[in-house]
**Q** 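Attaching a single structure in structure tokens format; questions to follow.
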Amino acid sequence: MDPNNRLYLNFNGNERLGAPSDRQYPTTPSTFPQPVFQTPSQQHLAAQQSASQQYAGGYAPQGNYFAPNPYQAPADYGNAQGAGQYQPRSNTPGTNDPNVGLAHQFSHQNLGGAGRGNAYGSRGPSPGQRPRTAGGSGQQPGYSHANAPPMPGQGSRQPDFQPAPERNPEKYGLNANNNQKKCSQLAADFFKDSVKRARERNLRQSEMEQKLSEPNQSSSRREQIWQNGGKKEARYLRFLRTKDKPENYTTVKIIGKGAFGEVKLVQKKADGQVYAMKSLIKTEMFKKDQLAHVRAERDILAESDSPWVVKLFTTFQDANFLYMLMEFLPGGDLMTMLIKYEIFSEDITRFYIAEIVLAIEAVHKLGFIHRDIKPDNILLDRGGHVKLTDFGLSTGFHKLHDNNYYQQLLQGKSSRPKDRNSVALDQINLTVSNRSQINDWRKSRRLMAYSTVGTPDYIAPEIFTGHGYTFDCDWWSLGTIMFECLVGWPPFCAEDSHDTYRKIVNWRQSLYFPDDITLGAEAEHLIRSLICNTEVRLGRGGAQEIKNHAFFRGVEFDSLRRIRAPFEPRLTSAIDTTYFPTDEIDQTDNATALRNQAMAVGKQVEESPEMSLPFIGYTFKRFDNNFR
Amino acid sequence: MEQLNSLDPYYGSIGNARLRGTSGKAQGQNKSPVQTNSGQPISPTNLSQGSQSPISLAPKIPPLPNSPSLAQNISMDDSGNAGANGDDALSVYHLPRPLPLWLNAQYAKHIVKGNFMTLSARPKTVEQGEWIAHQVVEHYRNLWNFVRVIHEKEEDGTTICNPQTCPRMSAGANHSFTWLNYKREPVELPAYEYITLMQRWISGKIDDTNIFPTDTNGVSYAHNPSITTTPLSQLSNPEDKDWIGKASGFPENFVEVCQTIFRQMFRVYAHLYWAHFIDPFYHLNLEKQLNSCFSHFVLTACALDMLKPQELEPMQPLIDLWAANGTFPPGSKAYEYSNQKAGERLMQLANVA
């Protein structure tokens with residue numbers, strides 16, 4: 001191992017930037033509409049409250065909509081962030097660091113919870129009070145008591161409403177029932193999205209008012225703040241009512257390819273903004289049963305506003321593809337780093353593993369299990385800090401919960417030709433010091449990453465043994481990545497995936513630390529605490545367990561993202577793809593080709609593609625300061 | 001009369017406004033002896049729309065020369081003990097008995113709770129035209145989700161709303177809506193066709209970037225006297241005409257176009273309630289979704305002056321109910337346009353008061 005090839009942690013440059021800007025977000029404002037999840041008991045409860053109680057104070061007059069603002073953003077927050085804490089580290093002045101976005105300041109707000117008294121949606125009567133609507137004498141068409149005064153409490157009087165028949169959805173055709181699903185889903189999405197947008201808008205408004213109220217500001221500055229605020233909102237509104245399409249973007253380069261599509265560096269024609277655009281082939285997603293995964297990824301990315309998660313700006317679709325427009329992270333991924341440097345020093349490893357711990361923790365806090373944490377999915381932003389991507393589908397992991405698939409793999413022969421033909425690894429002792437073999441493996445791993453199968457190297461055994469898994473499966477992956485950083489290859493690396501699966505399941509026998517690489521005792525201990533049975537795995541009781549491990553002694557997790565990363569990408573432009581192996585990726589733009597093909601054939605889509613049932617509700621639009 | 005007017009301060013004004021009402025039906029087809037909805041030659045918008053297309057897509061209401069005002073209606077209505085109770089407030093609507101299911105508070109519920117005003121209120125910095133455009137598009141998308149259910153053909157070519165079920169674009173027995181034909185005569189159409197025309201007409205407007213500009217460079221902001229100094233529109237020439245949306249690049253007739261769109265959408269909602277609430281929406285478990293989208297629609301349309309009080313008539317009792325049960329918060333225009341007495345009466349009838 002060439003010591004010059006090692007990357008060392010740059011401790012000197014680790015000035016702590018600014019005070020911790022722990023954001024404080026208000027809790028759910030009471031006046032926002034909330035989805036109703038009714039239970040009969042709640043209905044009963046709500047019915048007992050009187051109208052005046054329920055609505056008093058729940059309404060803020062329109063004119064004062066923003067005035068009685070319950071959110072008190074920290075006074076200097078907008079400024080601290082806006083002035084660009086990250087700015088000094090920017091290597092390319094004049095480009096927008098996507099991480100310093102205004103949108104970053106808006107946290108995801110919990111839609112549920114905070115049940116208020118003004119639950120008019122659940123104001124139904126208790127079942128006992130149900131009006132008798134069927135069969136009673138009150139249902140005779142001629143019956144009328146329009147002129148009679150109401151006599152509450154008198155049992156003989158029947159409410160005079162049309163009877164409610166037994167619900168019978170089956171009487172309608174297939175299309176009507178499909179449309180029912182769309183309608184129900186879209187209506188729910190509409191309110192959920194609208195509430196979220198209103199909430200975020202409210203926050204932006206109060207932030208702007210904060211800025212306006214700062215003393216010693218010229219009136220022209222104040223006017224500018226106001227105008228910019230209004231224009232930014234207006235751009236977002238226009239964005240919301242326009243349909244986005246791939247033709248609005250030009251492809252700069254293809255920076256990733258997978259079984260289900262590709263990732264391109266694109267520029268928006270209208271404003272030159274740079275994004276990573278992931279296009280997924282609908283038919284493939286459908287065939288390979290990946291719909292749930294796409295949806296999961298869309299959901300987690302749409303809901304997250306975490307700095308540890310790659311940001312999703314918008315999703316749209318046409319007849320053939322789903323598109324995800326994401327922030328472009330120019331630093332490349334950890335896999336490329338590992339291919340380049342082979343191994344990291346313990347200090348560097350500590351930095352990345354600590355950041356990955358925080359990133360995984362952030363994902364878990366959103367309620368998601370990543371299940372496919374691997375170096376290819378760990379991206380580096382322009383400051384060299386970690387962000388997670390590829391939620392739920394990655395570069396083609398088959399049916400993650402399909403046990404049959406894994407059982408098949410575990411029993412007997414591989415079901416397909418070996419995908420690592422180019423590699424000849426010693427299966428018995430993988431960790432031979434035969435560097436050339438390892439290098440062969442290293443070369444093949446990118447191919448592996450782009451293959452339909454993906455690499456199983458980092459997956460926890462419980463995921464494919466079918467005994468159920470939970471959040472801690474991601475901590476296993478962390479252990480394998482840490483192993484790879486320090487040793488140079490993943491612990492269960494084998495000639496083909498079939499053998500890798502077997503090794504993972506038999507991890508007790510196959511986990512082996514090579515003699516010629518000296519690991520610190522704490523590092524090895526941490527790895528062994530992660531690569532182990534789920535019952536005793538560190539992190540099972542939360543990320544704090546891992547943070548407290550001796551290996552991380554002295555690491556200040558709270559400010560980690562603000563220190564200088566050991567490796568900072570050097571970029572020459574906003575579309576610099578130095579850190580992507582673009583020369584190794586087939587630059588054929590399949591999405592565009594396919595689209596042109598479809599257009600040439602003159603295929604007409606009857607209805608707008610976002611209305612095809614499996615992909616309903618996929619479209620998403622985030623407010624962001626990219627709408628300059 | 002006096003008693004009735006004293007029922008609700010807003011009621012009188014509704015009555016007056018109805019003299020200029022736009023909802024109407026062809027004369028001589030009145031099923032109800034009392035309820036004769038007046039119509040008047042429509043707004044210039046409607047007429048000009050008619051001229052834009054060979055087969056006129058413009059909604060049109062025939063003028064009724066002798067249409068009595070609502071006040072007359074009320075005075076003619078001999079509901080004995082007028083005044084005190086909500087039954088009188090209800091009786092002016094001449095609703096069929098038994099009352100439609102959607103007026104039963106049990107079935108007037110929502111999938112959301114809370115204050116819808118937060119979704120309708122224009123953000124302070126946003127220019128009014130921009131906000132209206134946004135709302136038009138959002139509500140149109142919502143409405144179409146419901147229309148699709150009754151309007152999309154099955155494999156065998158049938159639709160839930162068809163000329164047999166709905167020979168007219170009706171909202172109950174007392175209301176039906178007409179289109180102008182090429183001679184600019186109001187004609188009655190099956191609801192299915194009316195909705196087809198309506199959809200074509202509205203998307204023609206919304207997709208026209210001259211009416212609904214999408215260029216993100218053309219945006220503006222709301223004028224704020226205490227902060228912004230010179231509204232852009234007045235920079236060029238103070239004598240130039242100003243209109244809502246001008247600064248953001250919306251055309252001069254933008255508000256009129258949007259009002260017509262909202263009026264059209266309202267008619268479709270009214271038809272969905274009167275003709276299709278049970279069949280299919282109730283059966284398909286969509287009535288809460290429908291209620292939520294429609295109440296949000298009404299709240300927004302009223303708040304933005306996209307619908308006039310008299311235009312709400314076919315759905316007035318439901319609006320009253322929602323005002324009484326808190327769906328429309330006091331202070332909102334929709335609440336202001338309602339008769340809470342009637343709403344409370346409906347709640348009583350449904351045993352939820």
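Here is how names work: the chains are called A, B, and so on, in the same order as the sequence lines, proteins then strands, and each is numbered from 1.
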**Q** Among the options B:Ser248, B:Pro213, B:Ala222, pick out the one with the most heavy-atom pairs lying under 4.5 Å from chain A.
**A**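 Of the options given, most contacts go to B:Pro213.
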**Q** Answer yes or no: is there a side-chain heavy-atom contact under 4.5 Å between A:Gln162 and B:Ile278?
**A**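 When only atoms from C-beta onward are counted, B:Ile278 and A:Gln162 do touch, with a gap below 4.5 Å.
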**Q** Does some side-chain heavy atom of A:Glu209 sit less than 4.5 Å from a side-chain heavy atom of B:Lys124?
**A**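 Yes; the side chains approach each other to less than 4.5 Å.
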**Q** Highest number of heavy-atom pairs under 4.5 Å with chain A: which of B:Ile160, B:Asn285, B:Val137, B:Thr209?
**A**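 Looking at each option in turn, the highest pair count goes to B:Asn285.
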**Q** If you count heavy-atom pairs within less than 4.5 Å of chain A, which of B:Pro280, B:Ser292, B:Pro100, B:Cys293 leads?
**A**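 Of the candidates given, the most pairs with chain A belong to B:Pro280.
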**Q** Mind checking the CZ-CG spacing from B:Arg141 to A:Leu186? Nearest 0.5 Å is all I need.
**A**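 With rounding to 0.5 Å, CZ (B:Arg141) is 11.0 Å from CG (A:Leu186).
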**Q** Identify which part of B:Glu287 has an atom lying under 4.5 Å from any heavy atom of chain A, answering side chain, backbone, both or neither.
**A**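 It is the side chain, since no backbone atom gets that close.
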**Q** Which heavy atom of A:Ala164 sits nearest to which heavy atom of B:Tyr282, and what is that distance?
**A**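 Looks like CB-OH, 3.6 Å.
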**Q** Can you tell me how far the NE2 atom of B:His134 sits from the CD atom of A:Glu233, to the nearest 0.5 Å?
**A**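 Rounded to the nearest 0.5 Å, the NE2-CD separation comes to 10.0 Å.
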**Q** Would the number of heavy atoms belonging to other residues, nucleotides or ligands and lying under 6.0 Å from NZ of A:Lys245 be above 12?
**A**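 Counting other residues, nucleotides and ligands, NZ of A:Lys245 stays at 12 neighbours or fewer.
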**Q** Is any side-chain heavy atom of A:Ser194 closer than 4.5 Å to a side-chain heavy atom of B:His296?
**A**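 No, side chains not in contact.
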**Q** How far apart are the closest heavy atoms of B:Leu284 and A:Pro169, and which atoms are they?
**A**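 Looking at all heavy atoms of both residues, the closest pair is CD2-CB, 3.9 Å.
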**Q** Between atom NZ of B:Lys153 and atom CG of A:Asn175, what is the distance when rounded to the nearest 0.5 Å?
**A**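 Taking NZ in B:Lys153 and CG in A:Asn175, the distance rounds to 11.5 Å.
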**Q** Heavy-atom distances under 4.5 Å only: say whether B:Asn291 touches chain A with side chain, backbone, both or neither.
**A**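 No part of B:Asn291 comes within 4.5 Å of chain A.
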**Q** Could you state the interatomic distance from CZ (B:Phe212) to CZ (A:Arg238), rounded to the nearest 0.5 Å?
**A**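 Here the interatomic distance stands at 11.0 Å.
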**Q** Below 4.5 Å from any heavy atom of chain A, which atoms of B:Leu346 appear? Answer side chain, backbone, both or neither.
**A**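 Both backbone and side chain.
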**Q** So which atom in B:Ile111 and which in A:Phe191 form the shortest heavy-atom distance, rounded to 0.1 Å?
**A**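 Nearest pair, atom of B:Ile111 first, then A:Phe191: CD1-CD1, 3.9 Å.
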**Q** Taking every heavy-atom pair that is under 4.5 Å apart, which of A:Ala270, A:Ser184, A:Ser220 has the most such pairs with chain B?
**A**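 Highest number of heavy-atom pairs under 4.5 Å: A:Ser184.
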**Q** Is A:Leu212 in contact with chain B via its backbone, its side chain, both, or neither, using a 4.5 Å heavy-atom distance?
**A**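 Contact with chain B: side chain only.
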**Q** Does B:Glu154 reach the main-chain N or O of A:Leu174 with its side chain, forming a donor-acceptor pair under 3.5 Å?
**A**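 Yes: the side chain of B:Glu154 pairs with the backbone of A:Leu174.
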**Q** Provide the closest heavy-atom pair for A:Leu237 versus B:Trp131 in the form atom of the first, atom of the second, distance.
**A**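 Result for this residue pair: CD1-CE3, 3.7 Å.
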**Q** How long is the straight-line distance from CD of A:Glu223 back to CG of B:Asn224, given to the nearest 0.5 Å?
**A**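 Rounded to the nearest 0.5 Å, the CG-CD separation comes out at 9.5 Å.
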**Q** Is there a donor-acceptor pair under 3.5 Å between the side chain of A:Arg222 and the backbone N or O of B:Ile227?
**A**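 Not confirmed, A:Arg222 side chain does not pair with B:Ile227 backbone.
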**Q** Between A:Tyr172 and B:Asp279, does a side-chain hydrogen bond (donor to acceptor under 3.5 Å, both in side chains) hold up when you go through it step by step?
**A** CA-CA 9 Å; A:Tyr172 307 104; B:Asp279 197 4; 2.3 Å; yes
**Q** Please find the pair of heavy atoms, one from A:Arg241 and one from B:Ala133, that lie closest to each other, and give the distance.
**A**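 Shortest heavy-atom separation between A:Arg241 and B:Ala133 comes out as NE-CB, 3.7 Å.
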**Q** So for B:Ser226, is it side chain, backbone, both, or neither that comes closer than 4.5 Å to the heavy atoms of chain A?
**A**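 Just its backbone gets close to chain A.
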**Q** At a heavy-atom separation under 4.5 Å, does B:Leu103 approach chain A through its side chain, its backbone, both, or neither?
**A**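 Contact with chain A involves both backbone and side-chain atoms of B:Leu103.
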**Q** Which heavy atom of A:Glu166 sits nearest a heavy atom of B:His283, and at what distance?
**A**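 Taking every non-hydrogen atom into account, O-CE1, 3.1 Å.
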**Q** Rounded to the nearest 0.5 Å, how far does CG of B:Asn351 lie from CZ of A:Phe161?
**A**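 Result: 9.5 Å between the selected atoms.
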